[in-house]
Amino acid sequence: SLMYTMINSNDRDRIHIKSHAHLSGYGATVLCQSGSKCTLECKSTGCMNMDFVCLYGSKCEVSPNECGHRNKVSSDGIECPIWSESESKDQDKVLMEYIEQRKLDRVDDDINNKCLMELKMNDEDGEFGINIESLITGFSTKTKGGYHDLIRMIFASIIYSNLFISFIVFMLTFIFSWCFYSMKYRGEIYKQIR
């Protein structure tokens, strides 16, 4: 999913983005820099509420072709991105400010809030130690370091993984087997020692 990501064509001649799944590109921004050719392919609601920002000197294309600069929905019912194209370096600055404002506007976005609640419900206990708000909005509400969150997430995922459970089952099997054979052959072991 591209949801809420920033895709930048930085130093690339061309990029091709496919946003096909339901709401997969919602809230994302595709920034096409000067000298780049950027192609965005939309299907269904994949490009709904996605910004396609083309700075001065870039070349941009959207598929389907009906997704022009002012179209929200194509004739096939495909949601189109919010397409902005700069005509000068001064307008580039305005579009960059627009991108920053869109990040702030996510807080009041209904679909953003719904996704945030869904992520919180899936991580009720905070078992992975991830600050969901910082992932979605880009702003951290806690001052813990990212390194500590990463370490906590790794240990939490190991505890809940199948690998850990398999290790526990193996150890229990080994201990019970050792006890069983120790008891079964107890007399023979003592005879060999005497």
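Values below: all heavy atoms of this structure, side chains included; hydrogens, waters and symmetry mates excluded.
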Sub-4.5 Å side-chain heavy-atom contact between P81 and L40: yes

Salt bridge (Lys or Arg N to Asp or Glu O under 4.0 Å) contacts touching residues 30-57 (sequence neighbours left out): K37-E61, D51-R102

From E100 atom CD to M96 atom CE, the distance as rounded to the nearest 0.5 Å: 7.0 Å

C60 and C54 SG atoms less than 2.5 angstrom apart: yes

Other residues, nucleotides, ligands: >12 heavy atoms within 6.0 Å of N10 CG: yes

Pair S19, S24: side-chain N/O donor-acceptor within cut-off below 3.5 Å: yes

Distance-minimising heavy-atom pair for C67 and V62: CB-CG1, 3.5 Å

List the atom pairs, with distances to 0.1 Å, where a side-chain N or O of residues 172-180 and a protein N or O form a donor-acceptor pair under 3.5 Å, not counting sequence neighbours.
| from | atom 1 | to | atom 2 | distance (Å) |
| --- | --- | --- | --- | --- |
| T173 | OG1 | V169 | O | 2.7 |
| S177 | OG | T173 | O | 2.8 |

Stepwise side chain to side chain contact (heavy atoms under 4.5 Å, CB included) test for E79 and N49: CA-CA 8 Å; E79 293 282 341; N49 200 32; over 6 Å; no

Gap between atom CG of D92 and atom CD of E87 - 0.5 Å precision: 11.0 Å

Check SG atoms, C42 and C47, less than 2.5 Å apart: yes

R14 and T39: CA distance, side-chain angles, deciding distance, side chain to side chain contact (heavy atoms under 4.5 Å, CB included) verdict: CA-CA 8 Å; R14 60 181 53 217; T39 306; over 6 Å; no

Ring geometry between W83 and F52 (parallel below 30°, tilted from 30 to 60°, perpendicular above 60°): tilted

